[in-house]
K.L.:
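Sending over a structure as structure tokens; questions will come in a sec.
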There are 2 protein chains.
Amino acid sequence: MTLQERVWQRRNRLRNRFSSLAASEPRESPAPDVAPRRKATLADVAERAGVSTSTASRALNGHGGLAPATRAAVQDAAAKLNFQPSALARSLRTQQTFTVGFVVPDVSSPFYAAALKGAQGRLEQAGYRVMLMDASLNVDRELAALETLLSHQVDGLLVASTGMPRALFDGAVGAAATPTIFFDGVVEGTGEGAVTLDNEGGITLLVDHLVEHGHERIAVLAGSQRESAGAARLRAFHTAMAAHGISPVDRYVKVCDWEIADGRRAGMELLADPKPATAVLASSAELALGFMSAAATRGIRVPDDVALVAFDDPYFGDLLEPPLTAVAYDAREIGATAAELLVEAMRSETIAVEVTVPVTLVRRRSCGCQPEASR
Amino acid sequence: MTLQERVWQRRNRLRNRFSSLAASEPRESPAPDVAPRRKATLADVAERAGVSTSTASRALNGHGGLAPATRAAVQDAAAKLNFQPSALARSLRTQQTFTVGFVVPDVSSPFYAAALKGAQGRLEQAGYRVMLMDASLNVDRELAALETLLSHQVDGLLVASTGMPRALFDGAVGAAATPTIFFDGVVEGTGEGAVTLDNEGGITLLVDHLVEHGHERIAVLAGSQRESAGAARLRAFHTAMAAHGISPVDRYVKVCDWEIADGRRAGMELLADPKPATAVLASSAELALGFMSAAATRGIRVPDDVALVAFDDPYFGDLLEPPLTAVAYDAREIGATAAELLVEAMRSETIAVEVTVPVTLVRRRSCGCQPEASR
DNA sequence: TTGTAAGCGTTATCAC
DNA sequence: GTGATAACGCTTACAA
């Protein structure tokens, strides 16, 4: 692909960033109220208001008692100069950045994007900014991300781990003692809290439903086992099967990564089996999509030839063919909840807490259910 | 939904953040090499290496000439103390943060999430961090986001505008003179560059294809007209229609927001028309999905009763029923390209540039095309 | 009520 | 080569 480029005519944005006519000599120019060329500092405001910087600071931050008149004068000056305090300087002094680090395996995944959105909203509300790092599904980069964040002195950390060992995490974050809440991908035994989906409950719902439909030869497309969610789901699968007295066939359990392509590949293998499973449980929407794609190319019909259910209800779930039976939950909520816990942890020393977000079963046609009367 | 909470046993993360045994007295404790309780500062490193802070700084940053021996000593000390320079202090001093602000209308939208991912990768490669702000499809919040970012002294801005007037943008960013690259949502006439999709080309592809199928009564689900991309697509629609000598029916052009629900609503209206259009062009994948949903509940079949094409090829495009004919492009690339331009703009004073990312037509069944032999 | 001064942790400009 | 010293822009004791 080639890009088309076109050079614009050069615009004349004034950028005399280095012009030295700061506020040292308050020139009597005709338009003193216009936004200053160099960014105004607290000193500029103070000078203009005819007070000291400390007074100016207090006036702006509403601290200590001070004459209403001076306060007004300062505020006025600040407004006129369009003063924006430097977050950098303030943070350096106060040792608080009001910034939290957000680390995920892959921002472009709908799940993490939604979680990010949820968290962002809550954090902004509480006055925090988000610094985002994408670990690219890679432990080393996750570690690097944490270090970067720490060097920026974030006040807190929201992390969905790619599967980092505890020792590594504590080594990096331990010394800084930065409050951390995990979500989805948890590092066991550390952090001030964690919020996860009800993986066990969801998988149980799915397995039970498949069994209700009469299936016993159930295959599973398990996601990456390095991530806590993937491991939890596979574990839950075995438990749920055992509860029905069914022992899963080894050939039917496919551990793979989370991408559509992985699901497709695993699906092809499953379908090539001489005695294939009659139902498939996909650990994520992507894996289900991959399986559907595999089934389509093999000419296998879902649900007639093989039933399919998934953990994750994509927003286009009922526009697929067939509409996908899935476990649904609110991805935004998981982020929002994690953010809430973090805010609390940053404010006070709270005890650690673990919360799990509930899930529900959405019955559609891919499992063999009949469509309901109407929508 | 109620959340399940469980309080963990209190872990004993040592957090003597305020313990005062900094490095002032280098205690002869048995394990001096262990990570220090309070974060090590450059002064600590210097002291340990027996040099001044300036020398330590130079040694670590590879500046000016200095004895190999001392350099080694400093580096050694830094390693032992696990020294991480404070990004805050460094930025305050150098007036460079190596952070860029990223502003989008909605992070959880697949398009922006992908763009973010693309940008993040390139920026990280160039040594920049991303500070993310979600404007929630709202001009005021976009403005607030810009101000926050500016107060953090970001080195550059990557923004997909929700449709902010130029004066407002310049008022906020002008004084700071922070390099800005727009993508997707452009504020005309400002910034150092912009990267957009080939909206005209894409819409033309779609209209032409529909006309090839023999359609004349073509409806359009246009997105929000406050955003530059939405406006450009609607404009292109009129142009493309005119090129075929067709004058669009007013009732057939539906301006609405970008959500699935909006598409569904507009779709319902379209289908309720006494003499409905024979084809629909959706300005985005979400709008197409909304239309499909409307068609489904009305019992209208696509493409038999009405053809459908969309600008945006969702990744599950061929698993829909019917598979969606759409204009495809690489969302990640748009972010990556924007990031590239920004990095360049931050490094040198470059002239402004406008690049457009190419799009392609993916023919599937929703337009009335027959499926190809096999996949 | 307000001002003076110290300091957050760096880097840069000088001397030595 | 290396070390004082002065910023960067702010907050906060402590004085006045």
Side-chain angles (χ1 to χ4, degrees), chain A residues 17-18 20 22-24 36 38-74 77-78 81-98 150-153 155 176, chain B residues 17-18 20 22-24 36 38-74 77-78 81-98 150-153 155 176:
Chain A
R17 193 194 274 254
F18 299 109
S20 53
S24 35
R38 208 198 183 301
K39 248 193 133 210
T41 86
L42 185 62
D44 300 335
V45 175
E47 174 169 354
R48 179 165 180 137
V51 297
S52 74
T53 60
S54 32
T55 307
S57 171
R58 280 184 289 243
L60 265 13
N61 298 315
H63 275 314
L66 65 176
T70 45
R71 159 160 304 177
V74 171
L81 290 174
N82 204 296
F83 171 68
Q84 294 286 136
S86 156
L88 242 42
R90 192 206 291 273
S91 295
L92 181 58
R93 179 63 239 243
T94 61
Q95 297 296 65
Q96 271 204 53
T97 54
F98 281 99
L150 255 20
S151 91
H152 276 258
Q153 273 159 265
D155 290 345
Chain B
R17 189 194 277 255
F18 300 109
S20 53
S24 36
R38 209 200 182 300
K39 250 192 132 210
T41 90
L42 186 62
D44 300 336
V45 175
E47 173 170 354
R48 179 164 181 138
V51 297
S52 73
T53 58
S54 23
T55 307
S57 172
R58 281 185 288 244
L60 264 14
N61 296 315
H63 275 315
L66 65 174
T70 46
R71 159 159 305 176
V74 171
L81 290 174
N82 204 295
F83 171 68
Q84 294 285 135
S86 155
L88 243 41
R90 193 207 291 271
S91 295
L92 181 59
R93 181 63 240 242
T94 61
Q95 298 297 59
Q96 270 204 51
T97 54
F98 282 101
L150 254 21
S151 90
H152 276 259
Q153 273 159 267
D155 290 346

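Throughout, a chain's letter reflects where its sequence line sits, starting with A, and its residues are numbered from 1.
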K.L.:
Using whole Å, report how far CG of B:Leu88 lies from C1' of C:dG7.
P.N.:
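About 14 Å, once rounded to whole Å.
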
K.L.:
Examine D:dG9: is either OP1 or OP2 under 4.0 Å from a nitrogen or oxygen in the side chain of B:Gln95? Give yes or no.
P.N.:
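Checking B:Gln95 against D:dG9: at least one side-chain N or O falls below 4.0 Å of OP1 or OP2.
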
K.L.:
May I ask you to say what A:Thr70 touches in the nucleic acid, namely base, sugar-phosphate or nothing, with a heavy-atom cut-off under 4.0 Å?
P.N.:
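Here A:Thr70 touches the backbone only, sparing every base.
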
K.L.:
Minimum heavy-atom separation for B:Arg71 and B:Gly62, please, with both atom names.
P.N.:
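Looking at all heavy atoms of both residues, the shortest contact is NH2-CA, 3.6 Å.
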
K.L.:
Closest heavy-atom contact between B:Ala176 and B:Leu150?
P.N.:
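Heavy atoms of B:Ala176 and B:Leu150 come nearest at CB-CG, 4.0 Å.
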
K.L.:
Taking CG from A:Leu60 and C1' from D:dG9, how many angstroms apart are they, rounded to a whole number?
P.N.:
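The distance from CG of A:Leu60 to C1' of D:dG9 comes to 13 Å, rounded to the nearest Å.
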
K.L.:
Measure from the side-chain N and O atoms of A:Thr97 to the backbone N and O of A:Gln153, and report whether any donor-acceptor pair falls under 3.5 Å.
P.N.:
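At least one qualifying donor-acceptor pair exists.
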
K.L.:
Any side-chain heavy-atom pair from A:Val74 and A:Leu66 closer than 4.5 angstrom?
P.N.:
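No; the side chains remain at least 4.5 Å from each other.
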
K.L.:
Assign each of B:Leu66 and B:Gln153 to its nearest nucleotide of DNA chain D by heavy atoms, then name whichever residue's nucleotide is nearer the 5' end.
P.N.:
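This one resolves to B:Leu66.
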
K.L.:
Kindly give the heavy-atom pair with the smallest separation between B:Ser151 and A:Lys39, and that separation in Å.
P.N.:
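So the minimum-distance heavy-atom pair works out to CA-NZ, 4.2 Å.
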
K.L.:
How does each nucleotide of nucleotides 10-16 of chain D score, in 5' to 3' order, for protein heavy atoms under 4.0 Å: base (B), sugar-phosphate only (S), or none (-)?
P.N.:
BBBB---

K.L.:
Atom CD in B:Gln95, atom CG in B:Asp155: separation rounded to 0.5 Å?
P.N.:
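It is 10.0 Å, given to the nearest 0.5 Å.
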
K.L.:
Round to the nearest Å and state the distance from B:Leu92 atom CG to C:dC8 atom C1'.
P.N.:
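Going from CG in B:Leu92 over to C1' in C:dC8 covers 9 Å.
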
K.L.:
Within this structure, what is the CG-to-C1' distance between B:Leu81 and C:dG9, rounded to whole angstrom?
P.N.:
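Taking atom C1' of C:dG9 as the reference, CG of B:Leu81 is at 15 Å.
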
